[in-house]
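Read the structure below first, then the notes.
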Amino acid sequence: YIITAGYFLFWLTDIFVWEGINSFISNAAALEKIIIFFLCMYYIITLAKTDDLLKFQKLPGFWIASGFLISAAMGIFAVVAYKYYIQYNLTESGNNVWMFDSIGTVLKFTLIITGFLCYKRNPRLPYQSPTLL
């Protein structure tokens with residue numbers, strides 16, 4: 001709750017005081033990606049301290065956190081570079097660097113899908129209809 005409330009206040013301040021409502025809110029976007037990056041790193045470090053690390057490839061949380069971690073890391077670079085290029089009126093270069101964020105998003109959802117595939121399903125016989133849990 002503290003992180004969410006703090007980010008919300010930062011976001012409002014960024015919009016109405018620092019960057020304005022008609023521009024890309026790069027400070028808030030960078031902070032959002034930094035928060036996600038550190039939360040995912042914390043999860044992976046916590047996982048590394050347990051015996052579950054030995055079977056990490058079967059843990060859905062590992063794949064999901066890894067997806068968000070990679071996406072956030074690539075997104076931090078993209079937001080900082082985009083702000084730099086736009087600030088110096090290099091719009092085409094700014095748009096090209098945004099490709100890193102798009103690649104990070106594709107990787108994020110690929111790893112999230114991998115995580116969902118790790119969830120165990122109850123085997124069913126061919127004559128049984130699928131049940132929703």
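All values below come from the heavy atoms of this structure, side chains included, with hydrogens, waters and symmetry mates left out. Owing to the predicted nature of the structure, the values given are computational and were not obtained by experimental measurement.
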Using ring-ring contact (aromatic ring centres under 6.0 Å, His included) as the criterion, list what pairs up with F109, not counting sequence neighbours.
none
Given the rule in the side chain to side chain contact (heavy atoms under 4.5 Å, CB included) test, do Y85 and Y82 qualify, once you have shown the distances and angles that lead to the verdict?
CA-CA 5 Å; Y85 286 132; Y82 183 78; 6.0 Å; no
Do you reckon Y84 sits in the same ILVMFWY cluster as W98, going by side-chain contacts under 4.5 Å, direct or chained?
yes
Decide side chain to side chain contact (heavy atoms under 4.5 Å, CB included) for L90 and I86; before the verdict, give the C-alpha distance in whole Å, the side-chain angles of both, and the deciding distance to 0.1 Å.
CA-CA 6 Å; L90 301 169; I86 296 302; over 6 Å; no
Assess whether atom CZ of F10 is packed by more than 12 heavy atoms of other residues, nucleotides or ligands within 6.0 Å.
yes
Please list, chain by chain and in numerical order, all residues satisfying ring-ring contact (aromatic ring centres under 6.0 Å, His included) with F16, sequence neighbours excluded.
none
Please indicate whether L54 has more than 12 foreign heavy atoms, meaning atoms of other residues, nucleotides or ligands, lying under 6.0 Å from its CG.
yes
Hydrophobic cluster membership, with links at side-chain heavy-atom distances under 4.5 Å among I/L/V/M/F/W/Y: are V106 and I112 in one?
no
First locate atom OG1 of T114, then atom CD1 of I64, and finally report the distance between them rounded to the nearest 0.5 Å.
9.5 Å
Tell me, with the steps shown, if T4 and F8 meet side chain to side chain contact (heavy atoms under 4.5 Å, CB included).
CA-CA 6 Å; T4 304; F8 181 71; 5.6 Å; no
Between G115 and P60, which heavy-atom pair has the shortest distance, and what is it?
O-CB, 3.3 Å
Once you round to the nearest 0.5 Å, how far does CG of L47 lie from CG of L59?
6.0 Å
Please list all pairs meeting salt bridge (Lys or Arg N to Asp or Glu O under 4.0 Å) that have one or both residues in residues 20-44, counting only residues at least two apart or in different chains.
K33-D101
Hey, what do you get for CD1 (I70) to OG1 (T105), rounding to the nearest 0.5 Å?
12.0 Å
Side-chain donor or acceptor of W63 paired with backbone N/O of Q57 under 3.5 Å:
yes
Using the side chain to side chain contact (heavy atoms under 4.5 Å, CB included) rule, take M74 and I103 through it: C-alpha gap first, then chi angles, then the decisive distance, then the call.
CA-CA 8 Å; M74 293 179 80; I103 292 170; 3.7 Å; yes
Nearest heavy-atom contact between F68 and C40 is CB-SG, 3.5 Å
Within the supplied structure, the quantity of interest is the number of heavy atoms (other residues, nucleotides, ligands) at a distance under 6.0 Å from F62 CZ; does it exceed 12?
yes
For V97 and A78 the tightest heavy-atom approach is O-CB, 4.0 Å
Looking only at atom types and distance, does a side-chain atom of Y7 sit under 3.5 Å from a main-chain N or O of A28, one as donor and one as acceptor?
yes
If I take atom CG from residue L107 and atom OG from residue S102, how far apart are they, to the nearest 0.5 angstrom?
11.0 Å
Name all residues meeting the side chain to side chain contact (heavy atoms under 4.5 Å, CB included) criterion together with L9; count only those two or more places apart in sequence or in a different chain, and write none if there are none.
none
About how many Å separate CD1 of I34 and CD1 of I76, when rounded to the nearest 0.5 Å?
5.0 Å
Any donor-acceptor pair under 3.5 Å from S71 side chain to G67 backbone
no
Sequence neighbours excluded, the answer for side chain to side chain donor-acceptor pair (under 3.5 Å) partners of N27 is D14, K83
Got a second to check how far K108's NZ is from I113's CD1, nearest 0.5 Å?
12.0 Å
Applying ring-ring contact (aromatic ring centres under 6.0 Å, His included), name anything that partners F38, two or more places apart in sequence or on another chain.
none
